[in-house]
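Below you'll find the structure, written out as structure tokens, and then a few comments.
Residue numbering restarts at 1 for every chain, and letters A, B, ... go by the order of the sequence lines.
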Number of protein chains: 2
Amino acid sequence: MLSLSEENHLKSIFHLSINSEDGVSTNSIAKNLNTKASSVTEMLKKLNEKLLIVYIKYHGAQLTELGRKTALKIIRKHRLWEVFLVEKLDFKWDEVHEVAEQLEHIQSEKLTNELDKFLNFPTHDPHGDPIPNPAGFIKITPKLKLSDLGIGETGKFIGVKDSSSAFLKYLDKRKISLGCNIKVLHQEEFDQSLHIGLDETNLTISIKSASNLYITKI
Amino acid sequence: MLSLSEENHLKSIFHLSINSEDGVSTNSIAKNLNTKASSVTEMLKKLNEKLLIVYIKYHGAQLTELGRKTALKIIRKHRLWEVFLVEKLDFKWDEVHEVAEQLEHIQSEKLTNELDKFLNFPTHDPHGDPIPNPAGFIKITPKLKLSDLGIGETGKFIGVKDSSSAFLKYLDKRKISLGCNIKVLHQEEFDQSLHIGLDETNLTISIKSASNLYITKI
DNA sequence: AAAATAATTTAGGCTTACCTAAATTATAAC
DNA sequence: GTTATAATTTAGGTAAGCCTAAATTATTTT
């Protein structure tokens, strides 16, 4: 079993890996975790010993397959809890992170899988990020925005990019809620604003708003 | 903010206080937490400093009002999570404890109170123990068993004493589930078994089973 | 390519929360 | 009320996870 700090380092390396082909640097991890480089070095040695990363002195760290799976299991929990908080406990999308950071470390496979079932096996968290399966498998697809759709296409609303309270209120007022289907009906030439069709109503949103909505094609 | 270990010590002292008028002994806490007396002594000094307990060398510890409230807030979380696990995630009553031990340490008042609301403000956990309110207030009432009711009285089923899997299956089969109302219709003189009325059906249960069911009078 | 700068690691400390063994105090037995 | 026993505390040590400052290695500049 991994310590809280080990888990956090793994997660950090995973997230930082996405935008970097080779090893993740000591400094970037330190910045990410709000800690010092020397502390990170220590931890990298330990994770290397445990075969979770490959660490070469002065050349950063890379996750092994085991490390990747382990990180994704933690991320799975994080994202499931985020869905729970938003869908069941009325948290706003910008309030969930801090709590999910704690909940992701709870150790109980049964808990995680039952939660998954209870939430009806969600595929994405409220920020539009995909939820790994129990084995730590994830299908990486580029995040699609509503503004990426062509006329006539339909997308399922899975998350927001900017989760400012102003934007969330904007969505609330227009009854645009997580999971609803949005069809792009027409685009204004003048300002690129989009006419969209929701379950019941049609409405117009700015291109700026549209590029703030993550969707999956249907 | 308290550390995990501080929280566990407080909780332990609270539970051990119930069956002892004066201070809780160092040894009993050590036994309860699976740790050594010397470690407990250290912690008692610290909790005393923080005004959570009154600790007198060689004479054990007693919770202060602050310590009691603090302990009860942790216990509130523990019991709410137990309800969640049983009611929403299909955990059995004997599977919840280990997970609730972890969940009780999550820090977020919003989370706790939203969970409470989501669960519809339950008054008791699946073991029949009362759930403190957000301020850490609890009404201590002796645990009432179904076997304590008189003929004609009705109780709400709030928990079990022995949560062996055999007994839980017994309840399942008879559709006796948490929260249902049970009316005592008649008692056999021969073996003291009870005829009881459930929401829909009537049935007979042994006195042994009846004394294993915690209820609140209605 | 040497020098300057930046990144990283090492060395050595600190705190928390444990531990064992020895010393001290309380309690029970006589 | 001593004495034996049990409970508790103190002293001193360990591991994890953090830190600062100094030393080392990489990288960038010139």
Could you check whether [Y] and [X], counting side-chain N and O atoms only, form a donor-acceptor pair closer than 3.5 Å?
| X | Y | value |
| --- | --- | --- |
| Ser193(B) | Asp191(B) | yes |
| Asp22(A) | His59(A) | no |
| Thr41(A) | Ser38(A) | no |

Would you indicate, yes or no, if dG17(D) has its OP1 or OP2 atom less than 4.0 angstrom from a side-chain nitrogen or oxygen of Ser39(A)?
no
With a 4.0 Å cutoff (strictly under), does any side-chain N or O of Thr35(A) reach OP1 or OP2 of dC19(D)?
yes
Does Ser5(A) reach a base, just sugar-phosphate, or nothing at all? Heavy atoms under 4.0 Å.
sugar-phosphate
Base, sugar-phosphate alone, or nothing: which one does Thr26(B) contact when heavy atoms must sit under 4.0 Å apart?
sugar-phosphate
Any salt bridge between Lys73(A) and Glu104(A), counting N to O under 4.0 Å?
no
Rounded to the nearest angstrom, tell me the gap between atom CD in Glu6(A) and atom P in dC18(D).
10 Å
How close or far is atom C1' of dC18(D) from atom CG of Leu33(A), stated in whole angstroms?
12 Å
Near DNA chain C, counting only heavy atoms under 4.0 Å, which residues of residues 40-47 of chain A show up?
Thr41(A), Lys45(A)
How are the rings of Phe118(A) and Phe84(A) set relative to one another: parallel (under 30°), tilted (30 to 60°) or perpendicular (over 60°)?
tilted
Which residue lies toward the 5' end of DNA chain D, Ser28(B) or Lys57(A), if each is placed at its nearest nucleotide?
Ser28(B)
Reference residue Glu82(A); test side chain to side chain donor-acceptor pair (under 3.5 Å); the match among His124(A), His97(A), Lys77(A), His127(A):
His127(A)
Please identify the 5'-most and 3'-most nucleotides of DNA chain C with any atom under 4.0 angstrom from a heavy atom of chain A.
dA7(C) to dT10(C)
Taking the six-membered ring of Tyr55(A) as reference, does the NZ or CZ atom of Lys45(A) fall below 6.0 Å from its centre and within a 45° cone about the axis?
no
Check whether Tyr214(A) forms a cation-pi arrangement with Lys145(A) (NZ or CZ under 6.0 Å from the six-membered ring centre, at most 45° off the ring normal).
no
